[in-house]
Amino acid sequence: MCGRFGLYLPAQTIASFFLILNEPDHPPRYNIAPTQPVLAVFQSPAGRRGVPMRWGLIPHWARDIKIGAKLANARSETLHEKPSFRTAFNRRRCLIPADGFYEWVAVKGRKQPYFIRRRDGNPLAFAGLWEVWVAADQSELVSCTIVTTAANREMTPVHHRMPVILEPGQFDRWLDPDNQNPRSLCDLMRPMRDGGLVLQAVDDYVNRTGNEGPRCIEPAATFPTPSSPPEPPAQMNLFED
DNA sequence: CCAGACGTTGTT
DNA sequence: GTCTGG
DNA sequence: CCAGACGTTGTT
DNA sequence: GTCTGG
């Protein structure tokens, strides 16, 4: 899954990789958590735009904002049927740029964080959905969620789920609001190709959401990066995925 | 009909 | 808003 | 995702 | 143990 990530490359780099019209200024972030603002890219009539959105999708019918904290991720397998996601899946798809994301692996009573990046150094493009929510005072809040799928080869040692990561050649198909072909969209909901990611054990400074800065991705002193799958999960879920 | 849920993750 | 459960 | 709180009263 | 906040 994806419950924490970083985005620290400069706005110009992000704008050119995602081919967005504007160059939305964003502070370098190494420790983005659910409920915080993220940069989302969506297709406007004039072209792709990058805008800040609250991470954790708040359905338009929600009574209050709290539900968003639980909807930071959306399973790709059921997007089309879940009341919380299906309207956004039809018309409001987006990309969420990231330099890398974190996963925690429980080892001997503690949790070891890993930072996961593209091997080629490019930003990651998470598949996402977005929604507008109107609060009681009529103010509008735009929020988004990150779509998940099964783990690829590199991710399997640390977790059985991962975010859907799209390639530039797939951006248009995912973002086009007029694309309502479920087959065309579902074909994109695949684990990233094997070999495209690298993992690095990092300092547990990142655990605390209030901690920020490059120290979050500082390699851990005592834990090597797993070159091959270090150990399979103790329990395998035999019923899903 | 109305009331209540609407989600993912991990863990046991 | 829309579906499910009662 | 992890960390941290987890309560009521009255008063400003 | 479970929920909230970030």
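Values below: all heavy atoms of this structure, side chains included; hydrogens, waters and symmetry mates excluded. A note on names: the letters A, B, ... follow the listed sequences, proteins ahead of strands, and every chain is numbered from 1.
Nucleotide D/dC1 holds its P atom 13 Å from the CD1 atom of A/Ile116, rounded to whole Å. Summarising the geometry, the separation between CE on A/Met1 and C1' on D/dC1 is reported as 6 Å, rounded to the nearest angstrom. Distance A/His160 NE2 to D/dC1 C1': 14 Å, rounded to the nearest Å. Rounded to an integer number of Å, the gap from A/Leu71 CG to D/dC1 C1' is 15 Å. As rounded to whole Å, 19 Å separates atom P of B/dC6 from atom CG of A/Leu129. Between the CZ atom of A/Arg208 and the P atom of D/dA3 there is a distance of 8 Å, given to the nearest Å. Here D/dC2 presents its P atom at 18 Å from OH of A/Tyr205, a figure rounded to the nearest Å.
Both geometric conditions, a ring-centre gap below 5.5 Å and a plane tilt below 30°, are fulfilled for A/Trp61 over the base of B/dC6.
Residue-level contact check: A/Arg86 touches the backbone only, with heavy atoms under 4.0 Å from sugar-phosphate atoms and none from bases. Contact annotation for A/Thr148: backbone-only contact, meaning every heavy-atom pair under 4.0 Å involves sugar-phosphate atoms and none involves a base. Note on A/Ser76: nothing from the nucleic acid sits closer than 4.0 angstrom, heavy atoms only.
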Where protein sits on nucleotides 1-6 of chain E, one letter per nucleotide: B base, S sugar-phosphate only, - none, heavy atoms under 4.0 Å | ---S-B
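With C1' as the reference atom, B/dT8 and D/dC1 are 11 Å apart, rounded to whole Å.
Between A/Arg161 and B/dT9, a side-chain N or O to OP1/OP2 separation shorter than 4.0 Å is present.
Residues satisfying the ring pair (Phe, Tyr, Trp, His ring centres under 6.0 Å) test with A/Phe101, not counting sequence neighbours, are A/Phe126.
When each of A/Tyr102, A/Phe5, A/Tyr205, A/Trp104 is tested with A/Phe115 by the rule ring pair (Phe, Tyr, Trp, His ring centres under 6.0 Å), just one qualifies, namely A/Tyr102.
Under the Watson-Crick or G-U wobble criterion, with both distances below 3.5 Å, D/dC6 is paired with E/dG1.
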